[in-house]
Structure formats: C-alpha cells, structure tokens
Amino acid sequence: MKNKKVYIETYGCQMNLADSEVVSSLLHDDGYEFTRSLRDADVALVNTCSIRDHAEQRVISRLGEFKRYKSNNPEMVIGVLGCMAERLRSKLLDQLRLVDIVVGPDEYRKLPGLLGAAFDGEKGIAVKLSKVENYDDIIPLRTDGVSAWVSVMRGCDKFCTFCVVPYTRGRERSRTLHSVVREIEQLFDRGFREVTLLGQNVNSYRDGEHDFSDLLMSVAHIDPKLRVRFTTSHPQDMSDKLIRAIADYDNICSYVHLPVQSGSDYILELMNRTYTIDHYMKLVGKITSTIPGVALSTDIIAGFPTETEEDHQATLEIIKEVRFDGAFMFKYSPRENTKAWNMGDDVPDEVKTRRLNEIINLQRSISLEINKQTIGKSFEVLVERTSKKSDSYFMGRTDTNKTVIFPEGDYNVGDYLNVKIYDANSATLFGHVVTRQGWVDVRIAVEA
Ligand code: SAH
Ligand code: SF4
Ligand code: F3S
C-alpha cells in the first residue's frame with residue numbers, strides 16, 4: 001500500500017517483539033512505511049499479551065486512548081494482533097467498536113489483504129492457529145543495533161494449568177537449524193553482537209535432525225564475538241548435553257532462566273509442571289557444578305488455587321536454597337478456559353499481595369547480596385547503549401546478564417570492555433572501564 005504509514009505498539013514477551021518484526025517485514029514488502037507517532041499513522045497496530053488479566057486491561061485502556069486519534073483521522077485503521085486477538089477473537093470487534101481488524105499469531109501473512117479491505121471499510125478477522133506456520137522464509141525487519149531476538153520455535157505443548165499460551169499460540173513447531181543460522185550470520189555481518197534464541201520451551205526444539213543444543217552450538221560457531229543467549233528452558237527436560245554446551249562455549253552466556261513457579265510439590269502437580277522440587281534442585285546442582293560462575297533466574301507465581309501458608313513457605317525456602325540472581329514474580333491471575341480456571345481462585349487478593357511482597361523482598365535481598373559480591377571484580381561487558389538516566393554513562397551487560405553502568409569514553413556500542421565494579425544495588429552494577437578487549441586486533445591479525 002503506497003504512502004500509508006504504520007504505527008506498531010508491542011506488549012508481552014520477547015516472542016511478541018520478534019513477531020512485530022515479522023509483521024513489519026510483511027508490511028514493508030507490501031509498500032507500507034513506518035512511523036513512531038500515532039498522529040501520523042494511517043494504520044495503528046497493537047501486538048497484545050493475554051498472560052495475566054492486568055496485561056489485557058492495559059491494552060484495553062490504551063485502545064481507549066486511540067479513540068482520540070481516530071476521531072481526528074476517521075480513516076485510520078486500527079488492528080489488534082497477538083495473543084488477545086487469538087483469545088478474544090470476534091468479541092474484540094463486538095466490544096471495541098474502534099477496532100477494524102483482529103489477527104492471531106499464525107495469520108500475519110493475511111495482514112496486507114485485511115488492511116487493504118479495511119481501507120474500503122470492511123472489518124476483518126483471521127485467528128486460525130497453524131501446525132506448521134513458523135515464518136521461516138521471512139526476514140524480520142529490525143532496526144540496526146547490538147542485540148536481536150530470534151524466534152526459533154513457536155507454540156507450546158506443555159499445558160501448565162494456569163497458562164493461556166498453548167491456546168493463544170497453538171502447537172509446538174521449530175524452524176530449521178540452517179534457516180536460524182543463516183539469519184544470525186546476516187545479523188552478525190550487520191553489526192549485531194548478541195542474539196537471544198526464543199521459544200516458550202526451547203528444550204523441545206527439534207527440526208528433524210537437530211536438538212536445541214545442536215542449534216545453540218551452531219549459532220555459537222558463527223563468531224566468537226557473538227554472544228548467544230536463550231530463553232526459556234523448562235526444568236523437566238533440560239538435557240545434560242545442553243548444560244555441557246553452555247559450559248564448553250565461551251560465547252554461550254553463563255546464564256540460565258529456569259522458571260520454578262512454586263516451591264511446593266503439591267502445587268507443582270496442580271500446575272502440571274511435571275517435575276518435583278527434588279528434581280529441580282538436582283538440576284540446579286548439575287548446572288552450577290558444570291558451569292562455573294553461572295547465573296540463574298526464575299519465575300514465581302504467588303497464590304495459585306489452594307495454595308496454603310505452608311506451600312508459600314516452601315516457595316520462600318526454594319528461593320533461599322537456590323539463591324537466584326533474579327526473578328520475575330507474579331500474583332496468580334485466573335485465565336478463562338485453562339484447567340486452573342476450574343480450580344477456583346480461593347486465595348484472597350490481600351493474601352496473594354502479602355505473599356508476593358514477601359517473595360519480592362526476599363529475592364531482592366538475595367540479589368543485593370549476590371551483586372555486592374561483584375564489587376572489586378572485573379567483568380567482560382558488551383556495550384549496548386547510552387544509559388537511560390544520563391548521556392555521560394553507557395550501559396552494558398555481563399555474560400551473566402547483569403546490567404552494568406559505566407562512564408562514557410573512547411568506545412562504541414558493540415565493543416567488548418573490561419569493567420571493574422565499584423558499587424552495586426539489587427538490579428544494577430556500577431563500574432569503571434579497565435581495558436578494552438583484544439578481540440578486534442586478534443581478528444584483524446587472523447584475517448591479514
Ligand atoms: N514458557 C515460559 C513462560 C511463559 S509466561 C515458561 O514456561 O517458563 C511467563 C511467566 O508468566 C510464567 O513463567 C509464569 O510465571 C507467569 N504466568 C503465566 N501464566 C500466569 C497466570 N495465569 N497468572 C500469573 N502468572 C502467570
Ligand atoms: Fe505456559 Fe507452561 Fe508453556 Fe510456559 S511451558 S508457555 S508456562 S504452558
Ligand atoms: Fe503474552 Fe502471548 Fe507472550 S500471552 S507472554 S504475548 S506468548
């Protein structure tokens with residue numbers, strides 16, 4: 001569509017960020033241009049998340065704000081994409097009259113057609129899930145940068161009883177190793193220095209010939225200057241081979257996100273997480289003894305149906321035992337049509353809030369202790385951008401995924417630096433640059 005401008009806003013997980021880049025690529029090929037301002041937009045798209053009620057409410061109130069722009073520009077086409085589109089379907093068109101099109105995660109190829117029809121006043125909906133769609137042939141449209149998110153599989157077959165993802169994203173399917181590697185080679189040539197391989201459960205990655213550790217190692221081989229990260233590993237099926245690969249490759253980052261969800265075996269069973277705390281602790285033991293200096297993070301849900309005070313104490317215990325570097329912590333939010341929906345929602349909101357706060361405070365104090373131990377040590381840091389708070393500071397991350405702030409200097413985004421830490425809080429390390437790494441020189445020497 002010539003001269004039409006698209007505005008896209010993205011909510012939810014990194015998978016959605018990656019999908020917005022696929023959507024941008026499809027629309028770019030159809031002749032659309034992009035704008036960062038809603039005021040200039042002919043098309044406004046929101047890529048949405050359904051994981052918790054709060055995530056959906058945010059989008060609904062944001063769409064309320066879109067009304068103002070649409071009344072100034074009645075021709076504007078408004079589209080809802082992503083997980084809410086899949087979950088709520090035609091309800092979105094019925095209930096939010098300003099919405100023109102609703103497109104689920106497996107139907108983005110239909111967007112150009114649906115938008116074309118919408119300019120002629122026709123509302124449209126496409127929400128079929130697919131067993132095969134993985135957008136393997138589409139090169140996501142990314143702005144240049146240092147870090148890229150690369151989707152390596154879609155969907156989820158785990159059916160944790162609290163979770164909407166298997167319903168909004170459909171069945172598991174993987175891209176081929178060769179297509180992922182080709183995409184990342186091109187990213188490296190464009191200057192990207194870090195990739196995060198994405199899947200709801202990367203341990204079930206299979207392309208017929210290769211498993212996830214094969215993929216991870218192939219990506220790590222692209223260049224020693226490329227940092228490789230991944231998310232998420234399900235604790236049930238993280239293989240020894242994968243742990244070995246993280247330990248053996250310098251450029252596969254020593255950081256594992258391993259959601260535990262609860263410290264109580266009883267609750268884990270109700271959640272259909274398919275592992276016990278004993279299994280989880282053995283896995284953590286294997287990871288920490290095989291990968292020196294590894295950082296671990298987790299996800300935790302407070303107030304799952306029937307959770308007792310004792311279950312909650314067990315969650316605090318596991319946090320103390322593992323000593324996670326960080327955690328994403330949530331109040332349980334019932335989702336319609338999931339199995340847990342039928343278990344009721346019997347933990348009162350004030351109890352959920354109190355338990356969540358106890359979890360957050362404990363985790364914060366552990367993160368602080370762990371981060372304080374970095375003071376006086378030096379780490380290799382990849383420079384990502386100027387600091388949000390001040391132009392005279394840069395921000396980068398350690399291999400273990402810790403954010404580091406350090407003064408600006410004679411170096412660029414994408415450089416590797418050695419940074420010595422002089423202070424830390426529970427979320428951030430502060431340091432001085434010690435030396436630049438010899439990487440660049442070594443490579444020039446090799447190529448010459
Ligand atoms: N596939 C990933 C997680 C995807 S969702 C995994 O299995 O780890 C991210 C996190 O959101 C989950 O780990 C869980 O902690 C949280 N979450 C999912 N559904 C939720 C719900 N109904 N209420 C509260 N938190 C939820
Ligand atoms: Fe949801 Fe469980 Fe799948 Fe993660 S593994 S996306 S929590 S169903
Ligand atoms: Fe949300 Fe869908 Fe991701 S529900 S967390 S955007 S897969």
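Counting convention: from 1, in listed order, for ligands and their atoms alike. All residue numbers refer to positions in the sequence shown, counting from 1. All of these numbers come straight from a predicted model, not from anything done at the bench.
Every pair tested for salt bridge (charged side-chain N to carboxylate O under 4.0 Å, His left out) that includes a residue from residues 252-267 fails, sequence neighbours excluded, so the list is empty.
Ring geometry for Phe304 against Tyr332 counts as perpendicular: the plane angle is over 60°, on a 0 to 90° scale with 30° as the lower cut.
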Table of N or O contacts for ligand 1, cutoff 3.5 Å:
unit_1   : atom_1 : unit_2 : atom_2 : d
ligand 1 : 1 (N)  : Gln200 : O      : 2.8
ligand 1 : 1 (N)  : Gln200 : OE1    : 2.8
ligand 1 : 11 (O) : Arg52  : NH1    : 3.1
ligand 1 : 13 (O) : Gln261 : NE2    : 2.8
ligand 1 : 13 (O) : Asp299 : OD2    : 2.6
ligand 1 : 15 (O) : Gln261 : OE1    : 2.7
ligand 1 : 17 (N) : Arg52  : NH1    : 3.4
ligand 1 : 22 (N) : Phe162 : O      : 3.0
ligand 1 : 22 (N) : Ser333 : O      : 2.8
ligand 1 : 23 (N) : Ser333 : N      : 3.0
ligand 1 : 25 (N) : Arg52  : NH1    : 3.3

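Residue contact check: Gln200 has heavy atoms under 4.0 Å from atoms 7 (S) of ligand 3.
Protein heavy atom nearest atom 6 (S) of ligand 3, with residue, atom name and distance: Asn16 ND2, 3.3 Å. Nearest protein heavy-atom neighbour of atom 4 (S) of ligand 3: Ser50 N, 3.3 Å. Of the protein's non-hydrogen atoms, the one nearest atom 2 (Fe) of ligand 3 is Cys83 SG, 2.2 Å. Summary of contacts: the protein heavy atom closest to atom 3 (Fe) of ligand 3 is Cys13 SG, 2.3 Å.
Of the N and O atoms on the side chains of Glu133 and Tyr135, not one donor lies less than 3.5 Å from an acceptor on the other residue. Between Ser50 and Thr168, the side chains place no donor N or O within less than 3.5 Å of an acceptor N or O (distance only, hydrogens not considered). A donor-acceptor contact closer than 3.5 angstrom is absent between the side chains of Thr276 and Asp278. Residues Asp207 and Thr176 bring no donor and acceptor atom of their side chains to less than 3.5 Å of each other. Thr400 and Thr398 are linked by a side-chain donor-acceptor pair at a separation below 3.5 angstrom, with hydrogens and angles left out of the test. There is no side-chain donor-acceptor pair under 3.5 Å between Asn371 and Thr374. For the residue pair Tyr205/His210, the side-chain donor-acceptor check at 3.5 Å is not satisfied.
A salt bridge is absent between Lys4 and Glu75; no separation between the charged side-chain nitrogens and carboxylate oxygens falls under 4.0 Å. Look at Arg171 and Asp106 and you find no salt bridge, because none of the NZ, NE, NH1 or NH2 atoms lies under 4.0 Å from a carboxylate O.
With distances taken over non-hydrogen atoms, the option nearest atom 1 (Fe) of ligand 3 out of Cys49, Gly12, Gly82 is Cys49.
Under 2.8 Å from atom 2 (Fe) of ligand 2, one finds the following protein N/O/S atoms: Cys160 SG.
Looking at every heavy atom in both residues, Ser297 comes nearest to Phe324 through C-CD2, 4.0 Å.
Residue contacts with ligand 3, taken as heavy atom pairs separated by less than 4.0 Å, involve Arg169 solely via side-chain atoms from C-beta onward.
In this structure, Met84 falls outside the shell of residues with a heavy atom less than 4.0 angstrom from ligand 3.
Residues that satisfy the salt bridge (charged side-chain N to carboxylate O under 4.0 Å, His left out) test with Arg190, not counting sequence neighbours, are Asp144.
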